[in-house]
Amino acid sequence: MNVTTPASGRPDRRAATLVMACLGVFVAYLPVTTVAVSLPAIQSALNASTAQLSWVQDAFVLPMAAFILTAGVFGDVHGRKKVFQAGLLFAAAGAAVALSAQSVQVLWIGQALAGLGAATLLPTTLALISHAVPDHRERGRFIGLWATALMAALALGPLIAGVILDHTTWRWIYLISVPVPLIALVVAARLLPDSRAPHGRKLDWPGQLTATLAITALVYGVIEGGAGSFTDAKVMVALFTAVVGGVAFVLAERRSASPMLDLTLFRSPAFTATTLVAMITFLALIGFFFLLSLYFGLVQQLDTLQAAWRLFMVTAAAIVVGQPVGRLMHRVAPRVLITGGLLVISGALFSLTGVEAGTSFGSIAWRLALLGLGIGTVLTPMTATAVASVPYQQAGMAAAGNNAFRQVGGALGPAVLGALLSTKALDTLPGHLTDAGVTGATQRNIVATADANGLGAVAHMDLGANTGRALGALGDSFLDGMRLCLVVAGSLTLLAALVCVLLLRPRQAAVSTTTAVAGADTAGKAPTAVAVAAVDQTPSR
């Protein structure tokens, strides 16, 4: 097995493992929200179109979805300490590239490297804790602290970005992500114990390559199809490639002696239900947050810090509700918790269709807090059920697979809803311009600019006396698009609730709850409230 000296009985080693794991997951998730609230500033500085802006987020999420399963296997085979250090190096390299980016394409490269680092760090940090703390109950406390660090990254990211953008340009949001992982890399070399899986695993290259091909082609096709036309040759080729890649992945996994994702997991209705719910829900939610950041910047003209406080309402509410939900799992079937949470999320999304350009902070805040309450209610029982619905030996793979599909949904979210937003807004923009008294050549110039370079480009046009009226019309057309996206997102979460009701049987739900509460730690995951973060990755041991 070639494991370094066990540290489970030495508090200093366990403390070192916990500190490094918390630091690693903080580094992994800090770019998620710092970039999300900085999108308007990035769009303005780099003259990025809406489709290009979608790729800023998707360039980070795609490597997470495509490589998170493989990263766990790499740690099992080659040693988790080495993989942890590699993840820190990728995170630092990605931040350094993004920090120096002079074009949106270079920013994509930086985001992709950072996403690869996050995909490497997430399973590895939990696997290190699982090895260092063999006692189930004590491990739950360690994982609770780990997840708190993750939530801290999601909560603090917007505030950090807001303070930075108040004083300098967007690129400096990446500054903290360069020295911190490099320092952690040096400290880990001395203090962090290593471990490997006690059972033999092999790298599944056919599965890895076909999964990457399918996911990348699918997201590319959706983004480019929304920005242009789904009948374009390159879009049709991309979508066809995604289908072929998906079929090839299924065939490769069925034939593999050591599959990256054992397809027999889907024989469990509970696992299938939670995986579908994860993918559908995150498509809706991540896409919504992409739109919300644009709404705050383009329509309400808020600075980044003001937008950050509004997004903080979601994270804070999710943290608050998480602990009570963790205790309720002892008494309430996960189907009830998950379905109820999804209905709350859907209600919050539908309620947001009523916002206008001048909607006050208080009026938006309660809607965002309601959204956070729903998220906090769904994610902990959803992941615990996925882990408990399969045999113990497959618990790590089950949680990894659940998380991978969740990231696929997260990658598709900005692509799908961004495409809907652009299409609807461009359709209604001429009418709003006419209503505002902007006609003729000026109107045609505005519409052509928005079509070619995105809605944000209109805000930088020199329109003279028509500027105010044009910006008002732009805001109205954006709201038309956002309302359509909110209806779609709310409908998707209702669909997820229906999937949960149909597939998550009451008897299986009860068994899953009992097993998860009593033994979720055996898969490296405690059903604690702070697991409401967007990851919930469980290591294979």
Side-chain angles (χ1 to χ4, degrees), residues 20-39 41-42 45-46 48 52-72 74 83-125 149-150 152-154 156-158 160-161 164 169-185 188 212 215-216 219 286 289-290 293 403-404 406-408 410-411 413-414 533-535 537:
M20 298 310 301
C22 289
L23 188 57
V25 77
F26 185 90
V27 167
Y29 256 73
L30 188 63
V32 174
T33 47
T34 54
V35 173
V37 298
S38 304
L39 288 175
I42 293 172
L46 299 180
Q52 289 176 323
L53 208 62
S54 297
W55 275 108
V56 173
Q57 284 196 314
D58 281 331
F60 181 89
V61 176
L62 270 175
M64 291 180 67
F67 293 103
I68 199 166
L69 285 166
T70 298
F74 261 98
V83 176
F84 174 79
Q85 290 175 302
L88 291 171
L89 193 58
F90 278 122
V97 171
L99 181 63
S100 60
Q102 299 297 323
S103 68
V104 71
Q105 290 80 11
V106 176
L107 180 58
W108 293 343
I109 296 173
Q111 283 283 94
L113 287 172
L116 185 58
T120 305
L121 289 168
L122 292 176
T124 308
T125 49
L150 191 155
L154 293 176
L156 294 176
I160 292 172
I164 290 173
T169 61
W170 64 270
R171 65 184 69 253
W172 296 105
I173 65 174
Y174 290 98
L175 180 60
I176 192 174
S177 295
V178 177
V180 172
L182 292 178
I183 293 171
L185 184 70
T212 302
I215 293 169
T216 304
V219 176
I286 302 302
F289 285 120
F290 172 75
S293 64
N403 191 66
R406 185 180 307 176
Q407 298 300 341
V408 169
V535 52
Q537 169 65 37

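Throughout, residue positions are numbered sequentially from 1 according to the sequence presented.
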Worksheet item: Ala21 and Thr125: which non-hydrogen atoms are nearest, and at how many Å?
Response: O-CG2, 3.6 Å
Worksheet item: Nearest heavy-atom pair of Gly115 and Met64: which atoms, and what distance?
Response: O-CG, 3.4 Å
Worksheet entry | Phe90, CZ: over 12 other non-hydrogen atoms inside 6.0 angstrom | no
Item to complete: Please tell me if the side chains of Leu107 and Arg171 come closer than 4.5 Å, counting only heavy atoms from C-beta onward.
Response: no
Practice prompt. Please report the shortest heavy-atom distance between Trp108 and Val56, naming the atom on each side.
Written response: NE1-N, 3.6 Å
Worksheet item: Side chains of Val27 and Pro181: closer than 4.5 Å at any heavy-atom pair?
Response: yes
Worksheet entry | Min side-chain heavy-atom separation Thr120-Phe67 under 4.5 Å | no
Worksheet entry | Step-by-step side-chain contact (heavy atoms from CB on, under 4.5 Å) determination, Leu39 to Ser293 | CA-CA 7 Å; Leu39 288 175; Ser293 64; 3.6 Å; yes
Discussion item. Ignoring hydrogens, what is the shortest heavy-atom contact between Val83 and Ala71? Give both atom names and the distance.
Written reply: CG1-O, 4.1 Å
Worksheet item: Heavy atoms, side chains only, cut-off 4.5 Å: are Leu182 and Leu88 in contact?
Response: no
Worksheet item: Is Leu121 close to Val25 at the side-chain level, that is, under 4.5 Å between some pair of heavy atoms?
Response: no
Worksheet item: Rounded to the nearest 0.5 Å, how far apart are CG of Leu116 and CD of Gln111?
Response: 12.5 Å
Worksheet entry | Stepwise side-chain contact (heavy atoms from CB on, under 4.5 Å) check, Leu113 with Phe60 | CA-CA 8 Å; Leu113 287 172; Phe60 181 89; over 6 Å; no
Worksheet item: Side chains of Ser103 and Leu46: does their closest heavy-atom pair fall under 4.5 Å?
Response: no
Item to complete: Compare all side-chain heavy atoms of Tyr174 with those of Val178 and state whether any distance is below 4.5 angstrom.
Response: no
Discussion item. In the structure I gave you, are the side-chain heavy atoms of Ile173 and Ile160 within less than 4.5 Å of one another anywhere?
Written reply: no
Fill in: Polar side-chain atom of Ser38 near backbone of Trp170 as donor-acceptor pair, under 3.5 Å
no
Worksheet item: For Gln57 and Ala36, which heavy atoms make the closest approach, and how far apart are they?
Response: NE2-CB, 3.6 Å
Worksheet item: Which heavy atom in Phe84 sits nearest to a heavy atom in Ala188, and how many Å separate them?
Response: CE2-CB, 3.9 Å
Worksheet entry | With Thr212 via side-chain hydrogen bond (donor to acceptor under 3.5 Å, both in side chains) - residues at least two apart | Gln208
